[in-house]
Amino acid sequence: MVSFGPGSQAAGGRGRDQVVYLHLGTPKSGTTYLQNVMWRNRERLRKQGVLYPGDAYPAHYWATLDLQEADYLGHNYPEVPGAWERLVAEARRWRGTTVISHELLTRSTAEQAEQALSDLAFAEVHLVLTVRDLVRQIPAAWQETVKNRFGVPFSVFVEQLRDPEGSEGDHGRAFWRMQDLVGILDRWAGGIPGVPPERVHIVTVPSGGGPQDLLWRRFAEVIGVDPEQIPPPPVEANSSIGAAETAFLRRLNRRLKGRIDWPTYERLIKHHLVPKVLGGRKAARRIVLSGPQLQWAVERNERMLAEVAGRGYHIVGDLSELNPVLSQQQEERHPDDVTADELVDVALDAARGLAEAAAERSGRLQELEQRVRELERQLAEAQRERDEAWQAMRAAYERPVLRHMAHRIGQREPLVMKTMEKIVEIRDELRQRGAK
């Protein structure tokens, strides 16, 4: 029978009151899905003794950038300085299990990994890697690269993976830094202080699919919580797009040539055009490897799994699930085979989507402008009424009969006297303004 809770046997714990699970990634292996589950269920996790720290959803992202002393595509987030220290301090105060999760942790250098483990030395540290096969990861990684403003063709990207040390291998080196399980674990678990194999957990994401909540159930087993008590939300439609859509976006990036800054691109293209327009096209066909590139990826995947299998890590699932399922189906496509007609069709949909977004934005601006005009009219009316009231009070007070009557009433009614005193103050102020 499986027991749940911090430090439980299912979680690989040893009974310490503080345990930290560093979920390193890998990118495109369901990391965002898991982070969404934990962020939305923070209170339920706390009831089971598990802390998912941070006061904002991107807190783990900011902390990772802070640990690595990095920006993102040239953009510096003001929340980054001190973010890693804040996350560690929150974990230090928690007497139980803490989960820190971000896929960019995989790209940390050995020195950065050593610093992170040293900062977390107050707890028993575990490493968690969620993993998919390379045949799926390579197209997904290329697509993510394109969604982040790059314009490298798919075949060129794959060739850079095959020769990452070549003169044009920047994307290749970045890919392997975040996808090579052996290299990641050498940097994180092989140094000093290091992490022993029994505290390294590899969660497999099956090639052939499975229940929607399978990944969460496996991850929950690792961190020692009962998944029945923390049901994940339905899997949301992600921003994955097809071969023709990605080919179009790559060409758009080359035309833009960095003319808009990253925050604008992220808002307009990555978080609007991609998921809400290109991601909803019914004709989208999945990106696949083919020919010699496919054969190379299969062999590279086999070598990596063989190395990992001999290290004694805790496998949740089965490494055989990471053997790629090779099925060239009608809905699959190599991006280099996309035709001009397909690109035009995608471009028209993209133009329509951006035009609709612009029209909606214009409508909101018109509503705001109309509201501002109405507020300005109300303000002018209020100022006019105030000026008329002052003039009326001034004229009334200048009449001796009315002033004498007001003083007699004020002797009997304190409220009237206070009002008269206020009128005197206003009169004196008006006289001073007139003198100026």
Side-chain angles (χ1 to χ4, degrees), residues 25-32 72-73 103-104 106-107 130-181 183-184 205 207 238-256 258 262 265-266 269-271 273-275 278-279 281 284-301 304 322 324-326 328-329 331-339 342-343 346 350:
T26 56
K28 311 307 296 182
S29 64
T31 52
T32 302
Y72 192 74
L73 299 177
E103 54 273 19
L104 289 184
T106 53
R107 71 180 186 181
T130 44
V131 185
R132 293 200 313 173
D133 65 89
L134 286 178
V135 171
R136 287 183 296 169
Q137 288 293 74
I138 290 172
W142 174 70
Q143 184 181 109
E144 194 66 23
T145 297
V146 173
K147 288 191 292 186
N148 287 326
R149 287 201 300 183
F150 291 99
V152 60
F154 186 51
S155 291
V156 173
F157 179 81
V158 178
E159 289 308 311
Q160 289 186 8
L161 304 192
R162 299 181 70 172
D163 182 21
E165 300 306 320
S167 59
E168 300 295 330
D170 290 347
H171 290 292
R173 287 188 289 273
F175 176 87
W176 290 120
R177 193 154 197 84
M178 295 188 287
Q179 297 290 347
D180 178 14
L181 301 183
I184 294 167
V205 182
S207 297
N238 59 29
S239 57
S240 179
I241 54 179
E245 292 75 17
T246 313
F248 160 77
L249 184 58
R250 182 186 73 80
R251 286 165 171 80
L252 176 62
N253 291 341
R254 295 176 71 89
R255 288 291 181 93
L256 287 173
W262 169 246
Y265 183 96
E266 185 180 34
I269 305 297
K270 185 173 182 178
H271 293 319
L273 179 65
V274 170
L278 302 183
R281 298 186 77 243
R285 298 169 71 178
R286 191 163 64 91
I287 302 168
V288 294
L289 291 159
S290 63
Q293 292 179 341
L294 174 60
Q295 185 60 37
W296 163 80
V298 171
E299 294 172 357
R300 182 69 173 80
N301 188 73
M304 185 173 67
L322 301 180
V325 176
L326 306 179
Q328 190 69 32
Q329 299 177 359
E331 67 272 12
E332 298 175 342
R333 191 68 174 278
H334 192 288
D336 293 352
D337 297 334
V338 172
T339 66
E342 289 177 298
L343 288 174
V346 176

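Nothing here was measured: the structure is a model prediction, and the numbers come from that model.
- The ring pair (Phe, Tyr, Trp, His ring centres under 6.0 Å) test applied to Phe154 returns Trp142, His334, not counting sequence neighbours.
- Residue Arg254 qualifies as open at atom CZ: its count of foreign heavy atoms under 6.0 Å is 12 or below.
- When atom types are taken as modelled, the side chain of Gln143 and the backbone of Ala140 share no donor-acceptor pair closer than 3.5 angstrom.
- Asp133 CG to Ser29 OG: the interatomic distance, rounded to the nearest 0.5 Å, is 11.5 Å.
- Between atom CZ of residue Arg149 and atom NZ of residue Lys270 there is a gap of 11.0 Å, rounded to the nearest 0.5 Å.
- Here the side chains of Glu103 and Met178 are not in contact, with every heavy-atom distance at 4.5 Å or above.
- Between Gln293 and Ser155 the shortest side-chain heavy-atom distance falls below 4.5 Å.
- Ring planes of His171 and Phe157: tilted class, angle from 30 to 60°.
- Atoms CG and CD1, from Leu256 and Ile269 in turn, are 6.5 Å apart once rounded to the nearest 0.5 Å.
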Between Val158 and Ile138, does the side chain to side chain contact (heavy atoms under 4.5 Å, CB included) criterion hold? Intermediate values first, please.
CA-CA 8 Å; Val158 178; Ile138 290 172; 4.1 Å; yes

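- Shortest non-hydrogen contact noted between Ile287 and Ile241 is CD1-O, 4.3 Å.
- Defined by atom type and a distance below 3.5 Å, a donor-acceptor pair is present between the side-chain atoms of Asn253 and Tyr265.
- The CZ atom of Arg132 lies 11.5 Å from the CG atom of Asn301; values are rounded to the nearest 0.5 Å.
- Atom CH2 of Trp296 sits about 8.5 Å away from atom CD of Glu159, to the nearest 0.5 Å.
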Worked verdict on Thr26 versus Leu181 for side chain to side chain contact (heavy atoms under 4.5 Å, CB included):
CA-CA 8 Å; Thr26 56; Leu181 301 183; 3.9 Å; yes

Side-chain donor-acceptor pairs under 3.5 Å in residues 243-251, sequence neighbours left out?
{"unit_1": "Glu245", "atom_1": "OE1", "unit_2": "Gly242", "atom_2": "N", "d": "3.2"}
{"unit_1": "Glu245", "atom_1": "OE2", "unit_2": "Arg281", "atom_2": "NH1", "d": "2.5"}
{"unit_1": "Thr246", "atom_1": "OG1", "unit_2": "Gly242", "atom_2": "O", "d": "2.7"}
{"unit_1": "Arg250", "atom_1": "NH1", "unit_2": "Gly151", "atom_2": "O", "d": "2.9"}
{"unit_1": "Arg251", "atom_1": "NH1", "unit_2": "Ala247", "atom_2": "O", "d": "3.1"}

Salt bridge (charged side-chain N to carboxylate O under 4.0 Å, His left out) for Arg177 and Asp180? Distances and angles first, verdict last.
CA-CA 6 Å; Arg177 193 154 197 84; Asp180 178 14; over 6 Å; no

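- Inter-residue side-chain proximity for Val135 and Val288 is flagged as unmet; no heavy-atom pair is nearer than 4.5 Å.
- With sequence neighbours left out, Gln179 forms a side chain to side chain donor-acceptor pair (under 3.5 Å) with Gln137.
- Looking at heavy atoms from C-beta onward, Phe150 lies out of side-chain contact with Glu144 at the 4.5 angstrom threshold.
- Within the 3.5 Å criterion, the main-chain N or O of Pro27 finds no donor-acceptor partner in the side chain of Thr31.
- Across all non-hydrogen atoms, the minimal contact from Ala297 to Leu289 is CB-CD1, 3.7 Å.
- The distance from the CZ atom of Arg107 to the CD1 atom of Ile184 is 12.5 Å, given to the nearest 0.5 Å.
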